[in-house]
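Read through the structure below, which is laid out as structure tokens, and then see the notes.
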Number of protein chains: 2
Amino acid sequence: MKRRNTPTKEAVLSVITKSGQAMSQDAIEGEISIDINRATIYRVLNRFCEDGVLHKVIAEDSKQYFALCDGCDETHQKHQHFHFKCTVCETLECLPNEVNYSIPSGYHVEHVNCVLTGVCKKCS
Amino acid sequence: MKRRNTPTKEAVLSVITKSGQAMSQDAIEGEISIDINRATIYRVLNRFCEDGVLHKVIAEDSKQYFALCDGCDETHQKHQHFHFKCTVCETLECLPNEVNYSIPSGYHVEHVNCVLTGVCKKCS
DNA sequence: GTTTAAAAGCGACTATGTCGCATTACTAGG
DNA sequence: CCTAGTAATGCGACATAGTCGCTTTTAAAC
Ligand SMILES: [Mn+2]
Ligand SMILES: [Mn+2]
Ligand SMILES: [Zn+2]
Ligand SMILES: [Zn+2]
């Protein structure tokens with residue numbers, strides 16, 4: 001199961017990196033120069049998530065958005081920060097603000113998905 | 001646009017109330033005694049959301065879950081509490097714990113969607 | 001260069017949710 | 001109680017997101 005370097009992987013990662021935001025599959029396909037199959041894009045994205053390169057966020061539009069992991073090793077950080085989805089420019093970004101939650105005892109949290117929706121700084 | 005009372009509305013609300021949890025369309029359809037069209041169930045649910053009877057949560061499975069609003073009038077409370085989705089029993093419940101977020105200035109938040117995923121108290 | 005297995009392409013498929021339109025059935029007014 | 005008006009339902013079609021199996025291609029190890 002060793003990863004290989006492919007033009008597809010590089011292209012996908014480059015588009016996300018340049019955007020500076022979280023991106024959905026269709027946004028990536030739209031921005032990318034070469035033609036990549038939809039299923040392939042999803043497979044590339046999911047592999048990046050497995051490898052701790054990207055993390056996945058579910059927004060209120062029920063779509064998956066993929067964002068760069070910023071200095072988090074898989075085992076420790078769980079991407080417990082807020083995300084912001086702007087209804088005007090449609091972008092989704094990672095916020096620096098951490099999610100601090102407390103839950104009743106007996107519950108075991110494995111993933112956190114917190115998305116705030118509204119109007120972003122630029123669009124205000 | 002005045003609402004009417006129909007058997008469908010009552011049946012849907014009754015199923016959700018009895019369950020004590022947030023429910024998806026397919027779960028509702030499965031639990032309900034009478035036969036109701038899928039599109040109709042969604043329309044009923046969305047009307048309840050407009051009327052402040054239910055609120056909608058997007059879980060990590062990208063599905064919509066609908067939960068009873070507990071003493072919140074539409075204008076004030078924004079359902080800013082955490083939700084918990086159990087990966088074992090597949091249920092999604094509203095937690096009493098409030099979401100306290102701080103975001104960079106310039107951002108205007110309209111909706112909050114926070115879901116914790118893991119194993120619930122019962123399934124632990 | 002050969003080998004081999006990971007990755008890509010393609011098509012089909014599932015699932016969720018929405019929409020338009022014809023039909024049904026609440027409910028208010030008489 | 002009847003009737004008219006319109007909200008709500010059923011049905012079918014549709015859109016979109018995401019996945020899967022299978023074949024072909026290709027990275028990279030030897
Ligand atoms: Mn993030
Ligand atoms: Mn809730
Ligand atoms: Zn914006
Ligand atoms: Zn459970």
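Protein chains get the first letters and strands the later ones, always in sequence-line order, with residue 1 at the start of each.
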* Evaluate side chain to side chain contact (heavy atoms under 4.5 Å, CB included) for B:Q21 paired with B:Y65, printing each intermediate quantity in order. => CA-CA 9 Å; B:Q21 285 158 341; B:Y65 288 77; over 6 Å; no
Distance below 4.0 Å between [X] side-chain N/O and [N] OP1 or OP2:
X     : N      : result
B:R47 : D:dT9  : yes
B:K2  : C:dA28 : yes
A:T40 : C:dG9  : yes

* To do: Could you tell me whether A:D61 contacts a base, only the sugar-phosphate backbone, or nothing, with contacts defined as non-hydrogen atoms closer than 4.0 Å?
  => nothing
* Asked: Using the C1' atoms of five pairs at each end, what's the angle between the two axes of the helix from C:dG1-D:dC30 to C:dG30-D:dC1, to 10 degrees?
  ->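 That helix gives 30° between its end axes.
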* To do: Round to the nearest Å and state the distance from A:N5 atom CG to D:dA28 atom C1'.
  => 10 Å
* Any residue of residues 7-20 of chain B with a heavy atom less than 4.0 Å from an atom of DNA chain D ->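 DNA chain D contact set from residues 7-20 of chain B: B:T8.
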* Asked: If you measure only the distance, is there a donor-acceptor pair under 3.5 Å linking the side chains of B:N113 and B:K56?
  ->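 On atom types as modelled, these side chains do not qualify, holding no pair under 3.5 Å.
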* Using a 4.0 Å heavy-atom cut-off, write out nucleotides 1-6 of chain D from 5' to 3' as B (base contacted by protein), S (sugar-phosphate only) or - (no contact). => ----BB
* In the 5'-to-3' direction, what one-character label does each nucleotide of nucleotides 13-24 of chain D receive under the scheme B = base within less than 4.0 Å of a protein heavy atom, S = sugar-phosphate only, - = no such atom? -> ----BBBBB---
For residues 114-124 of chain A, which side-chain donor-acceptor pairs fall under 3.5 Å, sequence neighbours excluded?
unit_1	atom_1	unit_2	atom_2	d
A:T117	OG1	A:E60	OE2	3.1
A:S124	OG	A:C120	O	3.0
A:S124	OG	B:G106	O	2.9

* side chain to side chain donor-acceptor pair (under 3.5 Å) partners of residues 26-39 of chain B, not counting sequence neighbours, each pair once ->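 For residues 26-39 of chain B, and leaving out neighbouring residues, the side chain to side chain donor-acceptor pair (under 3.5 Å) pairs sorted by first residue read B:S24-B:D26, B:Q25-B:E29, B:D26-B:K63.
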* Asked: Taking the six-membered ring for Trp, is the centroid-to-centroid distance between B:Y107 and A:F84 below 6.0 Å?
  -> yes
